[in-house]
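So the structure is just underneath, and the comments pick up after that.
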Amino acid sequence: MKILVVSDATQFALTDVYNGYIHALEQLQIPYESHPYHHFRGICSDATCFHRIHSIALTKQKEFTHIMFIGGLNVPDYIYDSLYHLKSIVIATEDPHSFDPLRERLDKIDYYFSNERSVGNSDKFKNTYYCPTAGDTQECGRIPRDFLDEKYKSDILFLGAMYPNRQKLLESIIPLVKEKNLSFKICGHVQYIPKKSPLWEYVFDARTIPHIETVKYYNGARIALNMLRDITWNPRSKTGKNPYNKGKFPAESLNPRAYEVPLCQSFMLLEDTRAEAREVFTDKEVGFFSDEESLNERLRYFLFGKGLQEMDKMIVRAYTKVSSKHTYLQRMLYIKKILEQNQS
């Protein structure tokens, strides 16, 4: 087995996911060649990137047994059609939010590993498997707070894209932030925040945050908030109608942040509106909230109440669980098992 590993050349290929699988392949000593085309965004067109991949796969026909795409949304059809001598693997990173474009190509894909349980475990499709997101122990780790620059420190951190459901939750904590004079930082994609929203006062870093800095922000936060994405809202049209999930697959699974924060040995408040939140974690490991009222109650409990004495032990328990069960090494072991079971 030798795998040609390719990242989708667009924003949907998560760098941390790609790196996590590369590190897992190295740990398992599975031969591979890596082509991280997400690094070429803005320099090369998608067409240029995939023409190069096509050439590599054809000129090294006897070297590779599989081609594995991280993301996969924008892989052109001719790649699947012409590279029939390789078994194709897609590690989907955007299900169920953007599943429809890939659903139309499932007959061309040999192994489709969805990050969403409702898609991966569906009996509607062949060669579809559920492979959750995870954390990477080589990318995420503990940095003592005293070693961090002041810019990375906060009492409450939200890092991510500011979808409307997240805006509503975050606006609800502003009175508490002002009452207690807390350091509240919002980092990431903030372009969706309405111009008149009071959240602009707390926008600290309006970039796509590099992963190494993401780790620093998590380590510097007393509480990292994990609010799950509203799958009905489409960031491209900025409406509540999402044309890329017409099958209306429910979102049951967690995002990578749910595993990355514990691996940084930081404390997480996790929204429990998806089924897996309380299946993967317990309230002995993370704090849970489901709406504005419970979010504010939990913040008061952990920052100023009895929860303050519980946080360190909860952090250790969450880290122990994720590091032993929810890393990309475990995910790649599962994928390897599937591939070996289907070898002809």
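What you see is a predicted model; the values in this text were computed from it and never measured. One is the number of the first residue; the rest follow in order along the sequence.
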Can a donor-acceptor pair be found between the side chains of [X] and [Y] at a distance below 3.5 Å?
X      : Y      : value
Asn226 : Asn255 : yes
Ser114 : Glu116 : no
His35  : Ser7   : no
Tyr218 : Arg257 : yes
Arg331 : His326 : yes
Ser183 : Asp155 : no

Take Tyr112 and Tyr129 through the ring pair (Phe, Tyr, Trp, His ring centres under 6.0 Å) test and state the conclusion after the steps.
CA-CA 6 Å; Tyr112 184 86; Tyr129 307 88; 9.5 Å; no

Near-ring test Phe125/Phe99, centroid separation under 6.0 angstrom:
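Between Phe99 and Phe125, the centre distance is under 6.0 Å.
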
Check: His51 ring centroid to Tyr78 ring centroid under 6.0 Å
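When the ring centroids of His51 and Tyr78 are compared, they turn out to be within the sub-6.0 Å range.
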
Do any N or O atoms from the side chain of [X] and from the backbone of [Y] form a donor-acceptor pair under 3.5 angstrom?
X      : Y      : value
Ser88  : Tyr80  : no
Lys126 : Leu106 : no
Asn219 : Gly141 : yes
Glu285 : Met314 : no
Ser197 : Ile193 : no
Arg145 : Lys153 : no
Asn296 : Leu176 : no
Gln330 : Thr327 : yes
Arg274 : Leu254 : no

Would you call [X] and [Y] a salt bridge, using N to O less than 4.0 angstrom?
X      : Y      : value
Arg229 : Glu94  : yes
Glu310 : Lys284 : no
Lys151 : Asp149 : no

With Arg278 as the cation and Phe288 as the aromatic partner, state whether NZ or CZ is under 6.0 Å from the six-membered ring centre and within 45° of the axis.
yes

Give a yes/no verdict on a cation-pi contact between Lys180 and Phe304, requiring under 6.0 Å between NZ or CZ and the six-membered ring centre and an angle within 45° of the axis.
yes

Distance-minimising heavy-atom pair for Phe302 and Gly287
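Answer, listing the atom of Phe302 first, then Gly287: CE1-CA, 4.0 Å.
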
Which label fits Trp233 and Tyr192: parallel for a plane angle under 30°, tilted from 30 to 60°, or perpendicular past 60°?
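Perpendicular.
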
Mind checking what makes side-chain hydrogen bond (donor to acceptor under 3.5 Å, both in side chains) contact with Asp77, not counting sequence neighbours?
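In terms of side-chain hydrogen bond (donor to acceptor under 3.5 Å, both in side chains), with neighbours along the sequence ignored, Asp77 is linked to Arg105.
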
